[in-house]
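The structure under discussion appears below in the form of structure tokens.
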2 protein chains.
Amino acid sequence: MPVDPTSDRAVFRQIADELRQEIKSGTLPPGARMASERELMTRFGASRGTIRQALAVLSSEGLTDVQHGRGVFVRKRPPIMRLSSERFTRQLRDAGKGAFQAETEAHGFEPRQEILELGVVPAPAYVASRLGVHEGARVFVRRRRMWADDVPMQLADSYFRYGMVRGTPIVEKDAGPGGSYARLEELGYRLARFREDLVARMPSPEEARALHLGPGVPVVSLIRTAYDTEGKPVEVFDSVVAGDKHTFSYEIPAD
Amino acid sequence: MPVDPTSDRAVFRQIADELRQEIKSGTLPPGARMASERELMTRFGASRGTIRQALAVLSSEGLTDVQHGRGVFVRKRPPIMRLSSERFTRQLRDAGKGAFQAETEAHGFEPRQEILELGVVPAPAYVASRLGVHEGARVFVRRRRMWADDVPMQLADSYFRYGMVRGTPIVEKDAGPGGSYARLEELGYRLARFREDLVARMPSPEEARALHLGPGVPVVSLIRTAYDTEGKPVEVFDSVVAGDKHTFSYEIPAD
DNA sequence: GAGTGGTCTAGACCACGAC
DNA sequence: TCGTGGTCTAGACCACTCG
């Protein structure tokens, strides 16, 4: 079904529709190389600019991956990690596994954290309000990039009241077995519950680079607040999660 | 800081960087009109094609809205609705309010549902596995588009075993006060818990149209399974939620 | 009508990857 | 070396919005 230049619909959109259909129908399966831009020019009788506009549409929808000098390929879905609300069980912490480590290993990958920053900073407004301190108060931040094998999965910043973690393993590069949550409990802050707030959005160019995201891949901004049994917030966790590599799963009681 | 044509970084990316910086810094506040393409051509000394490439970058990042014949504007964040895990309390159902109605009214909007389809269909694989029926089994589907005032918020498909809801208000246009969940409980299926699975991704062109999404706006695919006190799945709810109009909030116990 | 973005063309040169 | 995508230009005509 060739393009109709008299149609109201722009030619590049018709071309995009055609190619999208071939992808969705499986005529072009994941990993397949699409025809080159020059080939598509003759196939559709359009200029290169128009062909490139059509390909840009598919790219922005997250359907393709472009490799300079090689071609345009139908995107393969990478392995998806499931982050479920059960990842915060005390059982896991007691076993010496942090939430990220446990989930990653459960999926058969090797977890790794790359420290980007450790230090005392003034609390940003959104952290202060959740952590129950005033804006600008001294808080300790652990900023990391988390990897599964060789794939960057998320950017993760943990904030603590400085007075609470000073001199503990939480301010060290390696927070020890079970991670920060295990250390907090050893310090006497028994964890009672977490709240997670999620928003989906497109990444900034820096985030896209740090997480190796192609065009048309959103991120999930996830902010978690951890409360102890007194109802006091003890940590604010601010992360940017690669949208194409995760699902989130929550259990909700009906009452 | 004008562009540097000798730089490795493409001219259109440098222009995009410059304009993005003006947006993030507030020099160009939300709602402001950006300079026209012709004006940007003289400002940056580039051809129109290059200027449009730069503007396309900002658009794909969700930073701008384009209005044909009027100009390019810095995108305003629309009012954001918070979907919290507390929206499924029995208290609300007993008060005759479904989850969507309750959340929408809590934000000061008027909820409305537009029925797209009501009928018996063969169960798709992902529904069948969650609902505990075999693929292709007869299930009843309620397909709607949900609105808050005049803004489309989500596409929502509810699936039920047909034998379970046949002849009940659930197969009618208006499922009645408290929605389907209230009807299910009246039928003797007391709800015990829900599971929600979320994925962020870019919308298909149809989804973008149905939800009035601009370029660079992702959606959240949310699939909820409702279980009764026997542990039996009684509904599968498959929705596509406008990413720029929602946050999600979940409470997680620590044990 | 004047100004704005939307679409399309034709052609040029560059950078990357595979053979 | 050759084919692939990446970038940029100059120009044309169209469609929408506003005064």
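In what follows, every chain begins at residue 1, and chains take the letters A, B, ... in the order their sequences are listed. Remember, it's a predicted structure, so these values are computed and weren't measured experimentally.
Atom CE of A:M41 is separated from atom P of D:dG3 by 15 Å (rounded to the nearest Å). Rounded to an integer number of Å, the gap from A:I15 CD1 to C:dT7 C1' is 12 Å. The nearest whole Å value for the distance from the CE atom in A:M34 to the P atom in D:dG5 is 10 Å. B:R52 has its CZ atom 14 Å from the P atom of C:dT4, to the nearest Å. Taking atom CG of A:L40 as the reference point, atom P of C:dT9 lies 13 Å away to the nearest angstrom. If you take CZ of A:R9 and C1' of C:dC8, they are 16 Å apart, rounded to a whole angstrom. For B:D65 and C:dT4, the CG to C1' distance is 16 Å, given to the nearest whole Å. When rounded to the nearest whole Å, the span between CZ of A:F73 and C1' of D:dG5 equals 11 Å.
The ring-ring contact (aromatic ring centres under 6.0 Å, His included) search around A:F140 returns none, not counting sequence neighbours. With sequence neighbours excluded, no residue forms a ring-ring contact (aromatic ring centres under 6.0 Å, His included) with A:F248. Listed by chain and residue number, A:S25 satisfy the side chain to side chain donor-acceptor pair (under 3.5 Å) test with A:T27 (two or more places apart in sequence, or in another chain). Contacts of A:S129 classified as side chain to side chain donor-acceptor pair (under 3.5 Å), with partners at least two apart in sequence or in another chain: none. Taking the side chain to side chain donor-acceptor pair (under 3.5 Å) definition, one finds that A:R38 meets it with nothing, sequence neighbours left out. Residues passing the side chain to side chain donor-acceptor pair (under 3.5 Å) test with A:S221, sequence neighbours excluded: none.
What you find for A:A242 and A:L211 is that their closest heavy atoms are N-CD1, 4.1 Å.
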Between protein and nucleic acid, restricted to nucleotides 13-17 of chain D and to nitrogen or oxygen atoms under 3.5 Å apart, what atom pairs and distances do you find?
| from | atom 1 | to | atom 2 | distance (Å) |
| --- | --- | --- | --- | --- |
| D:dA15 | N3 | B:H68 | NE2 | 2.9 |

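The B:S36 side chain lies nearest to C:dT4 when the options are C:dG6, C:dT4, C:dT7. Of the candidates D:dG6, D:dC8, C:dG5, the closest approach to any side-chain atom of B:S47 belongs to D:dC8. Closest approach to the A:A10 side chain among D:dC8, C:dT7, C:dG5 is made by C:dT7 (side chain taken as heavy atoms from C-beta onward). Out of D:dG5, D:dT7, C:dG6, the shortest distance to the side chain of B:V66 is found at C:dG6.
For DNA chain D, no neighbouring residue in residues 54-63 of chain B is found when judged by any heavy atom under 4.0 Å.
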- Query: Checking side chain to side chain donor-acceptor pair (under 3.5 Å) for the pair B:S249/A:D197: CA distance, chi angles, key distance, verdict?
  - Reply: CA-CA 4 Å; B:S249 186; A:D197 295 321; 2.8 Å; yes
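For residues 202-211 of chain B, the pairs satisfying salt bridge (Lys or Arg N to Asp or Glu O under 4.0 Å) are B:R201-B:E207, with sequence neighbours left out.
Between B:T50 and D:dT9 there is a side-chain polar atom (N or O) within less than 4.0 angstrom of OP1 or OP2.
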